[in-house]
Each structure stands twice: as structure tokens, then as C-alpha cells.
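First comes the structure, then the notes that go with it.
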Amino acid sequence: MAPPSPLVKAVKGMNDILPAEIGRWHAIEGAFHRTMQRLGYREIRTPYVEHTPLFVRTIGETTDVVEKEMYSFVHHGDPLTLRPEGTAGAVRAYVEHSVHHHEPVTRWYYLGPMFRAERPQRGRYRQFYQVGAECLGDPGPGCDAEMIDALVGFLREIGIESPDVFINSIGGPETRTRYKEALVAALTPMKDKLSPDSQRRLATNPLRILDSKHPADAEAIASAPTILDFLGDDDRAHWDELRRHLDALGTPYTVDTKLVRGLDYYTRTLFEIKGAYDKLGAGSTLLGGGRYDRMVKDLGGPDVPGIGFAAGLERLLIASNLEVSQSVVDVFVAPIGEGTKSPALVLGRDVRAAGLRCEVDTRGASLKAMLRRANALGARVCLILGDRELDEGVVELKDLAGHVQEKVARADVVARTAAVVASPPPEPPRGSEAGQ
RNA sequence: GUGGGUGUAGCUCAGCUGGUAGAGCUCCGGAUUGUGGUUCCGGCUGUCGCGGGUUCGAGCCCCGUCACUCACCCCA
């Protein structure tokens with residue numbers, strides 16, 4: 001291997017997605033577009049860079065994301081940050097454009113890169129891609145149930161066998177305050193036994209202790225009070241109705257009273273979907289979301305509730321077993337001889353005008369090399385154009401899957417090529433292995 | 001940020017109790033002056049991650065460092 005040169009080395013945690021893999025990305029992104037559009041969501045694209053205080057305010061000052069994972073910098077005196085998640089920017093846009101004046105309910109989805117300076121791991125990168133959506137203006141819980149149900153359908157559609165839904169409610173601010181007090185009261189006596197992280201969180205962010213996987217915390221977590229017991233009447237009614245809707249939709253779920261999130265803006269409904277444990281290892285959370293009824297108002301907007309979710313595309317890619325075609329072109333044009341290059345270019349353009357994908361080889365390579373490349377590109381048809389064919393006004397049309405070749409008049413070539421490309425490939429010759 | 005594992009050709013990897021590098025795949029060419037995918041033959045690519053140490057001699061042992069990776073933390 002060449003000596004490592006910083007010039008040709010991607011930044012840690014940021015990687016290239018090469019054309020060989022892009023087909024799978026397109027497949028999942030396409031399924032996501034379709035899923036969300038069927039639900040009446042429209043795509044929004046917000047900047048990758050926002051003012052730092054937007055994230056500090058919405059995500060929370062004491063969260064790990066804000067404390068140590070943001071790519072922040074000062075540009076001409078402005079504190080700016082590469083977005084670590086999508087909700088803050090979407091809500092900022094909602095408020096900035098006074099969208100609530102135009103419509104009572106707003107359904108937006110997005111997809112794109114996010115940035116967090118974490119230690120890279122399987123399905124976890126510093127520049128990573130999320131798909132997500134926000135529904136603003138509907139307090140739920142019908143909206144919540146519909147979103148969860150649709151996401152289960154989406155995951156199944158991209159080949160994730162049995163997604164597991166986990167839900168919880170952390171109520172509103174009053175519920176949370178009362179619960180926090182009770183939790184701190186319950187855990188303080190056993191503070192010495194807690195992990196160092198959890199001891200610190202007892203003061204800063206006690207809810208997060210519930211999420212700890214540290215063995216030292218297991219006992220404390222098991223004995224901790226359950227937030228569902230602290231829900232106020234309204235929160236309780238919201239929670240019960242969510243469960244009724246999910247039952248009506250036939251969406252299986254598990255109540256997980258220990259489910260909390262690392263972002264501070266959530267209220268009431270929280271959900272998480274896991275799956276493909278064998279492929280993802282520790283990071284088997286495919287998707288997470290929840291309600292954030294106070295964020296719009298906190299940012300100076302109207303008192304409008306919201307709910308949203310985000311999923312990591314890299315993880316969906318790992319979890320999904322979608323197979324996609326590796327074919328790059330349908331047709332390959334192979335000119336033989338200098339004088340055939342121009343006619344080959346014209347032929348290629350004519351073929352493309354019929355809607356076919358086509359590469360013209362003007363390297364001047366041998367016919368053998370060109371056919372090899374046609375094969376490697378997954379072309380169905382190779383159009384061979386030499387001086388002989390040019391003189392006769394014909395093209396040799398080779399069906400690479402059928403292993404047959406025919407001489408076709410130049411005027412008929414495009415139509416004939418389209419017909420061959422559209423025809424099913426013949427059965428493999430007997431004696432060859434049955435394909436899987 | 002913490003802990004473990006791994007760094008040998010473009011890719012996947014072998015390399016014995018230390019004796020100055022190999023296979024398969026890919027790619028290129030030939031067998032077929034103009035016919036792929038199969039077959040046969042041939043060929044290209046390496047500061048063995050980097051730096052230092054031990055040794056007559058290090059891909060192999062020791063130290064450091066960097067990168068990758070897995071787990072923790074956290075999150076999608």
C-alpha cells in the first residue's frame with residue numbers, strides 16, 4: 001500500500017459511497033419517498049449549517065450530542081454548526097416561514113447528511129445519512145399511531161423482516177418534573193453503586209440513567225419508579241388512545257418504560273424501532289422518534305405541537321436484504337476502426353433517444369476488450385459497427401444473454417434493439433448450475 | 001473519550017520454532033488479422049501501516065505511533 005498521504009485520505013468517519021453501492025441507496029431512498037408521499041408528506045431541504053444556538057436550545061445543553069459531538073465553528077463571528085439532526089432545522093424553517101398561517105397541519109419529510117463527531121462504528125459514521133419526517137399541527141395521538149404503523153410498513157418494504165416497535169410516554173413538562181424528583185429520590189440512596197456516568201447524570205439528566213447499559217446500573221434501573229405511573233390525566237388519556245389506535249391498526253408493539261431519548265425536546269410519545277440484530281450488533285436501533293409539543297413555541301413560533309422521527313440510512317442499508325440490479329447500461333456500441341467512431345456516436349444517441357441506457361466505446365480497443373466491457377457493464381445488447389457493416393448499411397446486433405447475433409439494417413436497429421432489451425433473457429443452457 | 005482485536009498486491013487472505021514475499025479474484029494481453037461471459041497461456045501492481053529497538057539477519061519478537069475495526073459511552 002502506498003504510504004498514507006493526507007491528500008488522498010478521507011476524513012475519519014466520513015466515507016465515499018461508490019457507484020457499486022449506490023443502487024441500494026437509491027432503492028431505499030426511493031421506497032422512503034414513496035412511503036412518505038403516500039402519507040401526504042412533502043420533501044423539505046434545509047441547510048446543512050445552522051446557527052449553533054438553534055441546536056443548543058432545542059437538543060439541550062447537557063445532552064451528549066451538544067456537549068461533545070457537534071461540528072461547531074465560528075465564521076466571521078457567527079457561531080455555526082453542521083447539523084447533527086434534522087428536526088431543529090425543519091422546525092426553524094416552519095417558524096421562519098410562518099407555515100402555520102398557510103395550513104393547519106404540515107407534513108414534511110427530508111433526507112440528507114448529518115454530522116456528529118463520534119467514534120465511528122458499524123452503521124455509525126461522523127457524516128451519516130438520515131431519512132426523517134415531521135408532522136406539525138396535529139397533537140395526536142392518531143398522527144403518532146399512523147406514523148409508527150407506516151414506518152413498520154416501510155421497513156418491511158425494504159426487506160427488514162420483523163421490525164420491533166417500542167413505545168413509551170414521558171408526558172409533558174409537569175409529569176417530567178414530578179417524575180424526575182421521584183427518580184432522583186429513589187436513586188440517591190444507592191448513588192455509590194451507580195456507574196460514574198450515571199452518578200453525574202443524577203444531577204444533570206436523571207432520565208438518561210434509565211437508558212444505561214452499564215451492569216452497575218442494572219439493579220437501580222430495575223428498582224426505579226415507572227414514568228407511566230406519573231402521567232397526568234391528559235398525558236394518560238393521550239397514551240391510552242395511542243395504544244388503542246395501534247391495536248386497531250394491528251401494529252404489534254412493546255411498552256418499554258425505560259425508553260428515553262438523548263435529545264431534550266421530546267414530550268409524551270416516544271418510539272423506537274429495532275431489528276436485524278444479527279447484522280447490526282449493538283447498534284440495532286433502526287429508527288427513533290417522538291413528540292415535541294413545545295419546540296415550535298420555544299423557538300418563538302406559535303403553540304403548535306409536533307412529532308417526528310429519524311432513521312439512519314447506513315443502518316437501514318445493513319439491515320435490509322434488498323437485491324438490486326448491477327446492470328449499468330442496456331446497450332453497448334462497439335465501433336471497429338477509426339472511421340466508424342462518428343457513426344457509432346450517432347447510433348448511441350439514437351439508442352438513448354429510445355430511452356435505453358447506452359455506452360459508446362470510442363477508446364479504439366479491440367473487439368474482444370469491448371465485448372468484455374459490454375459484459376461487465378451488464379449490457380443486454382452489443383451493437384457492433386465496423387467498416388464492413390458501414391458499407392452495407394447494417395449493424396451487427398449481438399444479444400449477449402441469448403448468445404445470438406443478427407445483421408440488422410441501420411434504419412431498423414433502434415427498434416430491434418429495444419425489442420431485444422425488453423425481451424426476457426433466455427433460459428441458461430442446460431448443464432450450467434441452477435442459479436440461486 | 002475508555003477498552004479489546006487487526007494492519008502483507010486494487011480486493012480477500014496465506015506466510016512454519018525469526019533466514020530480505022506468495023495464492024485466489026480483479027485488471028491487461030494472447031490462443032481467435034472483427035466476437036463477451038466458460039477454458040488454456042502469459043503479464044502488471046508491494047517502502048509487509050509508519051518510526052524506533054533487539055538480532056549476523058525482522059512480515060514474524062519488543063516499544064511507540066497512526067489507521068481500521070468491534071464493544072462501551074451515546075445515538076439513527
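Chain identifiers are assigned alphabetically (A, B, ...) following the order of the sequence lines, protein sequences preceding nucleic acid strands; residue numbering begins at 1 within each chain.
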Rounded distance (Å) that lies between atom [atom2] of [N] and atom [atom1] of [X]:
| X | N | atom1 | atom2 | result |
| --- | --- | --- | --- | --- |
| A:Arg126 | B:rA67 | CZ | P | 10 Å |
| A:Arg380 | B:rG36 | CZ | P | 18 Å |
| A:Lys68 | B:rU2 | NZ | P | 11 Å |
| A:Leu155 | B:rA76 | CG | P | 15 Å |

In terms of side-chain heavy atoms, does [X] have a donor or acceptor partner in [Y] at a distance below 3.5 Å?
| X | Y | value |
| --- | --- | --- |
| A:Gln37 | A:Tyr109 | yes |
| A:Tyr41 | A:Glu43 | no |
| A:Glu85 | A:Tyr265 | yes |

Please list every donor-acceptor pair under 3.5 Å in which a side-chain atom of residues 134-160 of chain A meets a protein atom from a residue at least two apart or in another chain.
from, atom 1, to, atom 2, distance (Å)
A:Glu134, OE1, A:Tyr292, OH, 2.5
A:Glu134, OE2, A:Thr87, OG1, 2.8
A:Asp138, OD1, A:Gly140, N, 2.8
A:Asp144, OD1, A:Arg291, NE, 3.4
A:Asp144, OD1, A:Arg291, NH2, 2.5
A:Asp144, OD2, A:Thr269, OG1, 2.8
A:Asp144, OD2, A:Arg291, NE, 3.0
A:Asp149, OD1, A:Thr251, OG1, 2.6
A:Glu157, OE1, A:Arg38, NH2, 3.2

For the side chain of [X], counting heavy atoms from C-beta on, which of [options] is nearest?
| X | options | result |
| --- | --- | --- |
| A:Glu389 | B:rG34, B:rA71, B:rC73 | B:rG34 |
| A:Ala310 | B:rU69, B:rG36, B:rA76 | B:rA76 |
| A:Glu396 | B:rC70, B:rA76, B:rU35 | B:rU35 |
| A:Lys12 | B:rA76, B:rG36, B:rC68 | B:rC68 |
| A:Ala369 | B:rA71, B:rC68, B:rG29 | B:rG29 |
| A:Gln405 | B:rU69, B:rU35, B:rC70 | B:rU35 |
| A:Lys398 | B:rA76, B:rG36, B:rC70 | B:rG36 |
| A:Ile384 | B:rA76, B:rG36, B:rG34 | B:rG34 |
| A:Arg124 | B:rC28, B:rA71, B:rA76 | B:rA76 |

Filtered N/O pairs between nucleotides 38-44 of chain B and protein, under 3.5 Å:
none

Euclidean distance for [atom1], [N] against [M] (whole angstrom):
| N | M | atom1 | value |
| --- | --- | --- | --- |
| B:rC62 | B:rU55 | C1' | 12 Å |
| B:rA67 | B:rC61 | C1' | 22 Å |
| B:rU20 | B:rG59 | C1' | 10 Å |
| B:rA14 | B:rA23 | P | 16 Å |
| B:rC73 | B:rU17 | P | 39 Å |
| B:rU12 | B:rG46 | C1' | 16 Å |
| B:rG15 | B:rG52 | P | 28 Å |
| B:rG49 | B:rC40 | P | 33 Å |

> Of the non-hydrogen atoms in A:Met36 and A:Ala133, which two are nearest, and what is the gap between them?
Replying inline: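 So the two residues come closest at CE-CB, 3.5 Å.
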> Are more than 12 heavy atoms from other residues, nucleotides or ligands located less than 6.0 Å from atom CD of A:Glu61?
Replying inline: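 Open: at most 12 neighbouring heavy atoms sit under 6.0 Å from CD of A:Glu61.
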>> Restricting to salt bridge (charged side-chain N to carboxylate O under 4.0 Å, His left out), what partner residues turn up for A:Glu392, sequence neighbours left out?
In response: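 With sequence neighbours excluded, A:Glu392 shows a salt bridge (charged side-chain N to carboxylate O under 4.0 Å, His left out) to A:Lys407, given in chain and number order.
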> How would you list, by chain and number, every residue that makes a salt bridge (charged side-chain N to carboxylate O under 4.0 Å, His left out) with A:Asp412, sequence neighbours excluded?
Replying inline: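 Once residues adjacent in sequence are excluded, A:Asp412 has no partner under the salt bridge (charged side-chain N to carboxylate O under 4.0 Å, His left out) criterion.
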> Should the pair A:Asp330-A:Arg380 be classified as a salt bridge under the 4.0 Å nitrogen-to-oxygen rule?
Replying inline: no
> So, are A:Asp399 and A:Arg416 salt-bridged, with charged N and O less than 4.0 Å apart?
Replying inline: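 Here A:Asp399 does not pair with A:Arg416 in a salt bridge, since their nearest N and O are not under 4.0 Å apart.
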> Does A:Arg119 make a side-chain donor-acceptor contact with the base of B:rU2, cut-off 3.5 Å?
Replying inline: yes
> Ignoring hydrogens and angles, does a donor from either the side chain of A:Arg373 or the base of B:rG36 sit under 3.5 Å from an acceptor on the other?
Replying inline: no
> Which residue lies toward the 5' end of RNA chain B, A:Asp399 or A:Glu314, if each is placed at its nearest nucleotide?
Replying inline: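 Between the two, 5'-proximity favours A:Asp399.
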Tell me which donor-acceptor pairs under 3.5 Å the side chains of residues 361-369 of chain A have, and how far apart each pair is, sequence neighbours excluded?
from, atom 1, to, atom 2, distance (Å)
A:Asp361, OD1, A:Arg363, N, 3.0
A:Asp361, OD1, A:Arg363, NE, 3.1
A:Asp361, OD2, A:Arg363, NE, 3.1
A:Asp361, OD2, A:Arg363, NH2, 2.8
A:Ser366, OG, A:Ala369, N, 3.1

> Hey, where does RNA chain B pair up into stems, meaning at least three consecutive Watson-Crick or G-U pairs with distances under 3.5 Å?
Replying inline: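 Stem list for RNA chain B: B:1-7 with B:66-72, B:10-13 with B:22-25, B:27-31 with B:39-43, B:49-53 with B:61-65.
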